[in-house]
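I have placed the structure first, in the form of structure tokens, so that the comments after it can refer back to it.
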Amino acid sequence: MRRVVLTCVVLCGLSAGAAAADGPVVAEAAVRGDAVAPVFSFEGGLRYWYSSGEASKDLYDSRGTVMVSRLTYNDVVASSGEVFFDATHNPTGIFIKGFLGAGGIPKGSLNDEDFAQPHSFVEIYSNTLSGQRGGRLSYFTADVGYNFWTTPRSRIGALVGYNFWNESYHTFHCAQQAANPRICVPAITTNVGVISQENDWHSLRLGLAGQTQITERLSLSGDVAVLFTRLDGKDQHHLRPEINPIPEDGNGHGIQLEAMLNYNVTDLFNIGIGGRYWRAVSAGYEHFEETPGGGRPQVLHWEAERYGVFGQASIKFN
């Protein structure tokens, strides 16, 4: 439902911006017919992103036919700060843009489900609940593109770029929510670390970026990119040294959406608010053969989402 709502907001916003662009508007000096367009345009500034997210992994047997366990990280709320830039060579329409951000994930929870398997340690379904704190979020995006459609008030360009997205979680406490008497019974106390997870998503971005001027000072911008991604992860079961750590990897795809409303306070200083949605999925392996206890690689599916709102302040030079 969140993906549907966000997509509708982006599409409605862009449609409204395009409709407004067809109506009367007082153009900026750079787009008036009697003004000379600058050779370069540059904008740089700071941004704050408040976001939430979910992440889950499904672990199967070595053949990928029987699900063994599922770990679901819920409500992993984050606060992060960013620096960003956007530079355009106006005569050619070539642009580069990017941002770098980092922050904390102070809360969340983990449901760890183990499915009953005959003649194994888990003969009865188990579902444990743990709290998450002390997680981290970091990310970096760099794009280069070309504005293939430009009018005095609007532009659309194609882009290619790279995105790095890292999230780490640390869970404490463990309480059994089902009827398994052998796992987290009695409950493990809140000061004991249970599981840590760290995921690095490396992605090629292919997409579109655009902007439309709504009024003299108000504009709407956004971009959408399809991801071709590589996952490098690490699972740490702190109470099971025979499988700590477990390397993970996989290949997959995803999408990133962003839309923003910008207001020029002055010709130099801008502010803006916007929304962002990220999703990535991968299929690969959890490498038990590389753990202290040994074993065989098992099929692994990962999904991750992050979505939220941001505010920014920037300086623009033409």
Side-chain angles (χ1 to χ4, degrees), residues 2-21 25 28 30-31 41-53 78-88 95-103 137 139-145 147 149-151 153-159 161 163 165 205 207-227 255-279 305-318:
R2 281 187 297 270
R3 295 194 293 271
V4 174
V5 171
L6 182 57
T7 302
C8 289
V9 169
V10 172
L11 292 176
C12 291
L14 291 177
S15 298
V25 63
E28 294 181 301
V31 299
S41 299
F42 176 84
E43 182 178 9
L46 302 176
R47 184 180 289 152
Y48 169 75
W49 185 24
Y50 178 81
S51 63
S52 185
S79 294
S80 57
E82 302 175 20
V83 294
F84 70 93
F85 75 94
D86 188 338
T88 301
F95 63 86
I96 58 172
K97 64 185 184 72
F99 54 85
L100 172 67
L137 168 67
Y139 48 92
F140 167 75
T141 293
D143 296 323
V144 60
N147 290 320
W149 185 78
T150 303
T151 72
R153 293 190 294 268
S154 303
R155 65 175 184 265
I156 298 177
L159 63 85
N163 173 258
W165 172 15
R205 284 167 43 95
L208 298 172
Q211 179 174 332
T212 184
Q213 199 72 30
I214 300 174
T215 69
E216 180 184 5
R217 296 193 177 275
L218 193 65
S219 63
L220 179 68
S221 62
D223 63 54
V224 55
V226 176
L227 306 181
I255 190 169
Q256 293 182 328
L257 301 169
E258 184 172 300
M260 182 170 54
L261 197 62
N262 309 277
Y263 181 74
N264 299 337
V265 180
T266 70
D267 290 341
L268 183 66
F269 180 66
N270 303 331
I271 58 174
I273 58 172
R276 181 183 287 163
Y277 173 78
W278 292 355
R279 174 177 170 81
E305 286 185 316
R306 184 149 295 278
Y307 44 87
V309 295
F310 60 83
Q312 71 175 42
S314 64
I315 295 176
K316 186 173 183 178
F317 299 96
N318 286 321

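Position 1 is the first residue of the sequence; numbering continues from there. Just so you know, these numbers use all the heavy atoms, side chains as well, and skip hydrogens, waters and symmetry mates.
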- request: Classify the ring geometry between F42 and F85 as parallel (under 30°), tilted (30 to 60°) or perpendicular (over 60°).
  value: parallel
query: Can you find a heavy atom in the side chain of N262 that is under 4.5 Å from one in the side chain of Q312?
result: yes
Shortest non-hydrogen separation from Q213 to L218 and the atoms involved: NE2-O, 3.6 Å
query: How far apart are the closest heavy atoms of I214 and L261, and which atoms are they?
result: CD1-CD1, 4.1 Å
task: Evaluate the side chain to side chain contact (heavy atoms under 4.5 Å, CB included) criterion for residues R306 and L137: first the C-alpha distance (whole Å), next the side-chain angles of each, then the deciding distance (0.1 Å), finally the verdict.
output: CA-CA 10 Å; R306 184 149 295 278; L137 168 67; 4.0 Å; yes
query: Using the ring of each side chain (for Trp, its six-membered ring), is W278 parallel, tilted or perpendicular to W165, with breaks at 30° and 60°?
result: perpendicular
message: With heavy-atom distances below 4.5 Å as the criterion, would you say the side chains of S80 and F310 are in contact?
response: no
message: Under the rule for salt bridge (Lys or Arg N to Asp or Glu O under 4.0 Å), what residues qualify as partners of D86, not counting sequence neighbours?
response: none
message: Other residues, nucleotides and ligands only: do more than 12 of their heavy atoms fall within 6.0 Å of CD1 on I271?
response: yes
- prompt: Strictly under 6.0 Å, is that where the ring centroids of F99 and W49 end up?
  reply: no
message: For T88 versus F95, what's the shortest heavy-atom pair and its separation?
response: OG1-CB, 3.6 Å
task: From the options Q256, K97, Q211, select the one residue that forms a side-chain hydrogen bond (donor to acceptor under 3.5 Å, both in side chains) with D223.
output: K97
